[in-house]
Every structure is written in C-alpha cells, then in structure tokens.
There are 2 protein chains.
Amino acid sequence: MAVTIKDVARAAGVSPSTVCRALSTPELVRAETRERVQRSAAELDYSPNRAARGLITGRTGNLGLIVPDLGNPFFPGVVKGIQARAREADYAVFLADTDEDPAAEAQLVRTLAKQVDGIVLCSPRMSEQELRGVAALTPVVLLNRRVGRLPAITFDNVDGMRQAVTHLTALGHRRIAYVAGPRASWSNRERVRGLRLAIAAAGAELIEVGPVQPQFDGGVAAADQVLAAGVTAVIAYNDVIALGLLSRLNVRGIAVPAAISVLGFDDIALSAMVHPSLTTVGLPMKSCGRAGVDLLLGLLQDPDRFGSTRRELGTQLMVRGSTGPAPSA
Amino acid sequence: MAVTIKDVARAAGVSPSTVCRALSTPELVRAETRERVQRSAAELDYSPNRAARGLITGRTGNLGLIVPDLGNPFFPGVVKGIQARAREADYAVFLADTDEDPAAEAQLVRTLAKQVDGIVLCSPRMSEQELRGVAALTPVVLLNRRVGRLPAITFDNVDGMRQAVTHLTALGHRRIAYVAGPRASWSNRERVRGLRLAIAAAGAELIEVGPVQPQFDGGVAAADQVLAAGVTAVIAYNDVIALGLLSRLNVRGIAVPAAISVLGFDDIALSAMVHPSLTTVGLPMKSCGRAGVDLLLGLLQDPDRFGSTRRELGTQLMVRGSTGPAPSA
DNA sequence: GGAGAGTGTGAAATCCTTTGCGGAGGGTTG
DNA sequence: CAACCCTCCGCAAAGGATTTCACACTCTCC
C-alpha cells in the first residue's frame with residue numbers, strides 16, 4: 001500500500017541502507033548516488049514511516065500537550081504557539097483536554113508518555129507530588145506553574161500586579177478589591193502575592209473577595225460583594241471573571257469606569273471586544289507556548305543543561321476603557 | 001528502559017506470543033496461564049508499544065484533527081467533543097492548526113496521513129478538488145462542510161436561518177441586513193441560501209453587506225454600511241462579526257435592540273457574556289465533534305457501510321438581549 | 001606493484017509486537 | 001490400542017527503518 005524504503009531502493013537501484021543514508025546523512029553517500037536516490041524518493045513521494053523509525057531510534061517525533069480546558073480562551077492562544085513551534089521543528093502534537101480533572105491529567109500523562117518524546121503540561125491542576133511523579137516518567141515542561149526545579153515557563157505575575165496597581169493608584173484609587181481565583185491555583189497565589197506587595201508599596205487598601213470559580217459566573221457572583229465593599233476599583237483573577245463583573249455591574253446600573261474601575265488578567269481576545277473594553281494585564285500566550293516547546297526540545301537534546309531551566313516571561317498592562325479616574329468622594 | 005512484552009513473558013514464565021494472546025485474545029489462553037500473565041503485566045505496568053503494534057497491524061490508534069484557527073472560539077468547542085469521544089474509544093488525537101492557510105491544510109493532511117488511521121477535517125478551507133485528493137489518501141471526515149459524497153457532519157444552516165428570520169419578522173422587522181462571511185466559505189453559502197428562502201417566504205426585504213473577514217474587525221467595518229442601509233435588524237455570518245457590529249453600534253450611540261436588532265450565528269461562549277447579550281443561532285459544536293469521530297470510527301470498521309454517510313445536526317435559536325421589536329417607523 | 005588508507009555500499013541485526021503454523025500433550029472414539 | 005481431534009502454547013516471520021560491521025573498490029605512496 002504505502003511506499004516503503006524498499007520501493008525507493010529498487011527504483012534507485014541501491015540497497016535500503018543506502019536510501020536511508022542518502023536521506024538522513026547525505027554526506028556519507030557519493031553525490032551521484034545521493035541524487036539518484038533523492039530523485040527516486042521524490043518521484044515516489046516517499047517519506048519514512050515514523051513509527052518504524054521511532055521503534056529503532058527510540059524517538060517518536062511526537063510531543064504531548066495537556067490542557068485543562070480548551071474552552072477557556074486562555075489556552076487556545078498557548079496551544080497555537082506550541083503547535084506552530086512544534087511544526088517548525090518537525091514534531092507532531094498530541095492534544096489532550098482534561099476538563100479540569102486533576103486525576104485525568106495524571107492518567108493522560110501516563111498514557112501519552114509512551115507515545116511521545118516529551119510532554120508540555122499547561123497550567124497543570126494536579127498536586128506537586130503527582131507532578132513530580134509524572135516528571136520522573138518522561139521529560140516534562142510546565143507552563144504557567146512552578147514546582148521545585150522542574151523545567152517551567154511562567155509569567156511574571158508579580159510584576160503584572162505591580163503594573164495593575166500602579167495604574168490604578170495613579171488614577172487615584174485607594175480602596176481596591178481583588179476577586180480571587182481558585183485557592184489551589186498557582187497563578188492565583190502568585191497574583192495575590194504580587195498584589196499584596198504592590199498594594200503595600202502604594203499605601204493603598206486591599207479587600208479580598210472570593211475565591212470564585214474562574215468563570216463568567218464567578219464574576220457575576222462576586223460583583224455584589226465588590227459593590228458592598230465600597231471600593232472604587234476591582235482587579236479580577238482573570239479576564240473571564242472580569243467580564244462577569246462587568247456584566248453584573250451593568251445590570252445593576254453601575255457605570256464603568258465612572259463609578260468603579262475594573263481590571264482583568266490574561267488579555268484574552270474577547271477583552272478588546274466588549275464594551276467598555278477591558279483594561280487587563282496581557283500575558284504573551286503564544287510566546288509561552290513557543291518557549292515551552294523550545295525548552296522541551298532543548299531538554300531532549302541535552303538533559304543536563306536544560307534539565308532544570310525555568311523562564312519567566314514579562315507581562316504588559318493593556319489600558320482600555322474599563323479603568324478611569326477614581327470618583328471624587 | 002521501558003518494559004516490553006519480553007519482560008512480562010519472562011516474569012510469567014511464558015513466551016511473548018502467549019503474553020500477547022493473553023492480553024488481546026484472552027479466550028485463546030488457558031485461564032490459569034492467562035491470569036498469571038495478566039498479573040505479571042499489571043505488576044510491571046506493561047502496556048504494548050503502539051508504534052510496534054501499528055507497524056504490524058497497520059493501525060496506529062491515532063486520529064488526526066485539522067482546524068483552521070483555534071483562536072476562533074467556534075473551534076475549541078468542536079475540538080473538545082472530538083477529544084472526548086476519541087479518548088473513550090482509546091484513540092489519541094493529533095492536532096494541527098493551519099492558521100487559515102488552505103495550502104498548509106493540504107500539506108498537513110499529507111504529513112499526518114501516515115501517522116493516523118483517519119483524519120477529521122474541521123471547516124476545511126481548501127478547494128473541492130484538493131479535498132477529493134486528500135480524501136483518496138486516507139479516511140477523512142468533513143465537519144461543517146459538504147463536498148460530493150464525502151463523509152461529513154454539517155449543521156442545518158438553512159433551518160437555522162429560518163428560525164432567525166422567523167424570530168425577526170415576528171418582532172415586526174421587514175428590512176433585514178446580512179453581513180456576509182468569506183465567499184469561499186461553504187457555511188456562508190448555505191446560510192445565504194437559507195436566508196434568501198426564509199426572507200422570500202416571509203415577504204421581507206434583504207440587504208446584503210460584505211463579504212467581510214469573519215472576525216471582530218469585519219463586524220466593526222460592516223456596521224456603518226448596515227446603518228446606512230436603513231434596516232431595523234441585521235444578521236451576521238457569525239457571532240464574532242456580530243460582536244464587532246455591537247461594538248461599533250455602541251460607539252456610534254445606536255441603541256441595541258431599541259434602534260436595531262442584531263443576530264449572530266454559532267453561539268460561542270462569549271455571546272452570553274456581553275451586554276446586551278447576543279441573540280444567536282446555536283450550533284451543537286461538541287456534538288458535532290463527537291459525531292465526527294463516531295463517523296470516522298465507523299468508517300474505519302466498515303468502509304462500505306459508512307463510506308459516504310452524511311449527517312446534518314439541528315440548530316437552536318438562542319433568544320437573548322440583542323433582538324427586540326422593530327422600532328415603529 | 002603491493003601495502004595501507006580512505007571512501008562508498010550492502011548484508012544483517014535490531015527495535016517491539018502480532019500472527020500463521022505446527023508441535024506437544026491430553027482426551028475421546030472406534 | 002490406535003487414530004484422531006482439541007486445546008494450549010512456542011517458534012519464527014513479518015512489518016519499516018536505522019545502524020553496525022565488514023567488504024570491495026579506488027587512490028596514494030613507497
């Protein structure tokens with residue numbers, strides 16, 4: 001059915017060994033032979049069977065990618081970056097969506113591990129212990145989470161919060177609410193840490209609300225508490241929550257940003273599309289994906305050098321319509 | 001390194017052949033032996049190397065999935081459905097994002113074809129001819145597009161449009177604009193077809209605007225033309241365009257739905273989150289993904305029976321805040 | 001002209017699993 | 001007791017590509 005190395009060998013009048021060399025280590029083959037083989041291969045539209053190659057080389061040419069929920073607009077951006085970079089490097093990508101289930105996550109790593117050279121774990125929800133366990137199984141790169149010395153790409157959440165708070169205090173806000181994401185979330189903890197630092201540095205006052213589910217409804221639910229707290233600005237754990245806040249504030253007839261400023265985190269595409277558009281701390285999602293693949297590939301090449309590399313990517317505040325001067329009391 | 005069938009064989013005191021049979025065709029092995037083998041396999045945490053198995057059986061246990069753009073919120077929904085169903089059937093999924101490039105699409109099919117048992121093509125952008133070409137290479141199921149007798153899952157766009165128009169005319173609208181998506185898009189053509197039928201049946205008037213890119217900016221760009229056309233309602237090719245319309249209308253101070261009603265297509269998650277929330281024709285994205293995998297797996301089992309199966313999924317109008325009674329002239 | 005170095009190629013082993021074939025052993029039947 | 005049948009299991013081949021090893025050949029130099 002499919003064209004194999006033998007077909008090419010026959011067509012070029014050489015042995016399979018020579019075909020293999022002509023294609024993968026051309027310098028070992030006489031120019032004339034090499035060209036003949038390459039021509040035959042092209043004519044027959046031959047490409048080596050990756051499974052067979054993997055069997056002997058021990059490398060599959062595949063990467064695994066595990067995400068908690070593609071429905072969360074944060075992830076498609078990261079996935080696209082991973083996709084693109086992997087394809088450039090001639091790797092194929094296995095995708096698995098866990099539906100936010102930590103158990104499924106561990107299970108999937110185990111299943112995938114045998115079919116891939118390494119796995120990119122996007123915002124993994126499983127425990128540190130489990131994470132270390134699966135990292136022993138196969139090369140792993142963490143995205144948006146840091147655990148011990150495991151290779152990881154993260155965002156500078158602390159600085160992002162600094163930018164957010166600086167922006168708000170410059171606008172005169174002194175009492176600021178934070179709608180927290182899940183307690184178990186690493187990035188939520190980091191954001192809270194950065195927030196407290198920045199608030200303290202600015203001499204402002206922080207009111208913490210939540211935690212809530214990092215979904216639209218979480219924001220909707222938090223809005224009334226935020227209003228009750230009598231703040232002039234609110235920072236949400238992420239954009240989706242912020243959108244929920246905006247929606248509920250609108251329903252209650254509260255003007256944004258005249259009466260209250262709203263600030264999100266992530267800069268999902270949607271944030272620029274709503275009205276008022278959402279001021280938010282932008283994370284370089286695509287770069288994160290690319291950097292993750294780069295790190296993983298480096299790690300496969302040279303485990304010693306990259307085995308515990310961690311990179312932190314910068315963030316950028318996107319000032320839009322949902323933040324404005326604090327109302328004069 | 002990894003545990004192979006030989007390790008299990010040694011542990012159980014049998015030959016590799018017996019291990020294989022005990023695990024894949026248990027009825028051919030004596031109960032006692034079978035249990036011993038299964039126990040050893042479990043103890044060693046053995047699972048067969050899929051590449052090696054694929055080499056001999058000709059089946060990889062993998063599916064390919066090609067989408068134009070994960071950033072378009074329509075696709076993650078479909079992908080999740082595919083994901084979930086494939087995992088249930090013990091298939092792994094290769095994902096590729098083409099960034100809306102028809103050439104990359106064809107190229108990716110060719111590359112993936114050798115590593116998978118079949119491919120799900122999501123809203124393919126390539127020409128009919130190319131599509132037939134790649135369908136000859138490997139089993140293929142089309143999602144959201146129909147070409148000849150190729151297996152496909154589609155939505156009933158015509159009926160969706162009927163629902164939309166019925167809704168608007170019931171509200172008293174008589175002059176309705178349509179903001180068209182790309183001319184090359186199959187679903188756009190279908191929607192236009194359904195639209196014309198429904199408009200004619202209702203004795204209303206249709207003004208076609210565009211085509212525009214199926215993105216937020218496309219909607220923004222189309223909004224002024226829509227207003228200039230003096231209509232009381234506008235249907236957009238999809239939700240993202242509709243959101244662009246809403247945004248621009250808001251900027252121009254036009255009240256929705258008091259002055260003009262806006263209606264989208266797809267029911268992406270975002271549609272319920274904006275203000276006013278978007279009335280839209282909902283497509284069962286997840287079901288579409290699941291149905292696609294079901295069809296593909298059926299096709300792999302029994303090509304004759306499923307070789308040209310096509311299914312059309314129903315749609316459901318979601319009435320929300322962006323549509324209301326036509327302003328009395 | 002023959003030894004030695006160097007280059008280019010093929011044969012064969014290997015990766016791991018599946019499967020057709022056949023052998024061994026036990027049981028049944030005439 | 002012989003012939004036969006069944007059941008259960010092992011041997012060996014197959015699948016496609018890579019890689020080691022060794023062979024054959026050319027060229028150089030003494």
Side-chain angles (χ1 to χ4, degrees), chain A residues 1-42 44-62 90 92 111 113-117 138, chain B residues 1-41 44-62 90 92 111-117 138:
Chain A
M1 188 80 198
V3 34
T4 77
I5 201 170
K6 285 184 192 167
D7 301 321
V8 180
R10 206 175 312 121
V14 297
S15 77
S17 333
T18 303
V19 174
C20 178
R21 274 187 287 252
L23 298 177
S24 53
T25 45
E27 67 277 10
L28 290 183
V29 175
R30 186 158 48 110
E32 188 198 334
T33 316
R34 185 199 316 149
E35 280 163 28
R36 191 150 36 92
V37 170
Q38 289 175 341
R39 209 165 31 242
S40 297
L44 296 174
D45 192 25
Y46 167 77
S47 72
N49 180 320
R50 303 191 108 183
R53 167 183 290 174
L55 205 50
I56 188 159
T57 62
R59 288 212 167 184
T60 61
N62 300 329
D90 199 28
T111 309
K114 312 207 167 112
Q115 307 183 62
V116 301
D117 297 335
T138 185
Chain B
M1 188 81 195
V3 35
T4 78
I5 200 169
K6 284 185 193 169
D7 301 321
V8 180
R10 205 175 312 121
V14 297
S15 77
S17 336
T18 302
V19 175
C20 178
R21 276 187 284 253
L23 299 177
S24 52
T25 46
E27 68 276 12
L28 290 183
V29 175
R30 188 159 46 113
E32 187 199 334
T33 316
R34 184 198 318 150
E35 278 162 29
R36 190 150 34 93
V37 170
Q38 289 174 341
R39 207 164 35 241
S40 297
L44 296 175
D45 192 24
Y46 167 76
S47 73
N49 179 322
R50 301 190 114 188
R53 167 185 289 174
L55 206 51
I56 188 161
T57 62
R59 290 216 167 179
T60 61
N62 300 329
D90 199 28
T111 310
L112 273 186
K114 313 210 167 108
Q115 307 183 62
V116 301
D117 296 335
T138 185

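Quick note on labels: first sequence line is chain A, next is B, and so on, each numbered from 1.
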*Asks:* Keeping Thr18(B) on the side-chain end and Val14(B) on the backbone end, is there a donor-acceptor pair under 3.5 Å?
*Replies:*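 No; judged by distance alone, with no hydrogens or angles, the pair does not exist.
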*Asks:* To the side chain of Arg30(B), which of dC8(D), dC16(C), dT20(D) is closest?
*Replies:* dC8(D)
*Asks:* Not counting sequence neighbours, which residues clear side-chain contact (heavy atoms from CB on, under 4.5 Å) with Ser47(A)? List them please.
*Replies:* Lys114(B)
*Asks:* Roughly, in whole Å, what's the span from OH in Tyr46(B) to P in dT18(C)?
*Replies:* 6 Å
*Asks:* What residues in residues 32-40 of chain B put a non-hydrogen atom under 4.0 Å from any atom of DNA chain C?
*Replies:* none
*Asks:* Are any side-chain N or O atoms of Arg34(B) and backbone N or O atoms of Pro26(B), one a donor and one an acceptor, separated by less than 3.5 Å?
*Replies:*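 The answer is yes, because a donor-acceptor pair under 3.5 Å joins these two groups.
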*Asks:* Just report the end-to-end axis angle for the helix from dG1(C)-dC30(D) to dG30(C)-dC1(D), five pairs per end, to 10 degrees.
*Replies:* 60°
*Asks:* Run through Thr138(A), Thr60(A), Asn62(A) and flag the one making a side-chain contact (heavy atoms from CB on, under 4.5 Å) with Asp117(A).
*Replies:* Thr60(A)
*Asks:* Distance check, rounded to the nearest 0.5 Å: Tyr46(A) atom OH versus Asp7(A) atom CG?
*Replies:* 9.5 Å
*Asks:* Once you round it to whole Å, what is the distance between P of dT14(C) and CG of Asn49(A)?
*Replies:*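 Rounding to the nearest Å, CG of Asn49(A) and P of dT14(C) are 21 Å apart.
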*Asks:* Taking only residues two or more places apart in sequence or in another chain, which ones pass side-chain contact (heavy atoms from CB on, under 4.5 Å) with Asn49(B)?
*Replies:*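 side-chain contact (heavy atoms from CB on, under 4.5 Å) list for Asn49(B), sorted by chain: Leu55(A), Ala51(B), Ala52(B).
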*Asks:* Strictly below 4.0 Å, heavy-atom distances to any atom of DNA chain D: list the hits from residues 13-20 of chain B, or just say none.
*Replies:*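 Only Val14(B), Ser15(B), Ser17(B), Thr18(B) qualify.
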*Asks:* Rounded to the nearest 0.5 Å, what's the gap from NZ on Lys6(B) to CZ on Arg10(B)? Could you check?
*Replies:* 8.5 Å
*Asks:* Give the rounded distance in Å between these two atoms: CZ of Arg21(B) and C1' of dT17(C).
*Replies:* 12 Å
*Asks:* Would you check if the side chain of Thr57(B) reaches a backbone N or O of Arg53(B) as a donor-acceptor pair within less than 3.5 Å?
*Replies:* yes
*Asks:* So what does Arg50(A) touch, heavy atoms closer than 4.0 Å: a base, only the sugar-phosphate, or nothing?
*Replies:*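 No contact.
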*Asks:* How long is the straight-line distance from CZ of Arg39(B) back to CG of Leu44(B), given to the nearest 0.5 Å?
*Replies:* 12.0 Å
*Asks:* Donor-acceptor pair, Arg21(A) side chain versus Val29(A) backbone, under 3.5 Å?
*Replies:* no
*Asks:* Rounding to a whole Å, what distance do you find between Arg10(B):CZ and dC16(C):C1'?
*Replies:* 13 Å
*Asks:* If I take atom CG from residue Leu28(B) and atom OG from residue Ser17(B), how far apart are they, to the nearest 0.5 angstrom?
*Replies:*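 Atom-to-atom, Leu28(B):CG and Ser17(B):OG are 12.0 Å apart.
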*Asks:* Check whether any side-chain heavy atom of Cys20(B) sits under 4.5 Å from a side-chain heavy atom of Pro16(B), and report yes or no.
*Replies:*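 In short, these two side chains do not touch, never coming nearer than 4.5 Å.
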*Asks:* CD of Gln115(A) versus C1' of dC16(C): gap in Å, rounded?
*Replies:*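 Checked: the CD to C1' distance equals 14 Å.
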*Asks:* Hey, what do you get for CD (Gln38(A)) to OG1 (Thr33(A)), rounding to the nearest 0.5 Å?
*Replies:* 10.5 Å
*Asks:* Roughly how many Å is it from CG in Leu28(B) to C1' in dG20(C), rounded to a whole number?
*Replies:*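 Whole-Å distance recorded here is 13 Å.
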*Asks:* Is there a donor and acceptor pair closer than 3.5 Å between the side chain of Arg53(B) and the base of dG15(D)?
*Replies:*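 Side chain to base: no pair below 3.5 Å.
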*Asks:* Could you tell me how far apart Lys6(A) (NZ) and dA17(D) (P) are, to the nearest whole angstrom?
*Replies:*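 Answer to the nearest Å: 9 Å.
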*Asks:* Hey, can you pull the residues of residues 54-62 of chain B with a non-hydrogen atom under 4.0 angstrom from DNA chain D?
*Replies:*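 When residues 54-62 of chain B is checked for heavy atoms under 4.0 Å from DNA chain D, the hits, listed by number, are Leu55(B), Ile56(B).
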*Asks:* Just how far, in rounded Å, is P of dC9(D) from CD of Glu27(B)?
*Replies:* 13 Å
*Asks:* Does some side-chain heavy atom of Ile5(A) sit less than 4.5 Å from a side-chain heavy atom of Pro48(A)?
*Replies:* no
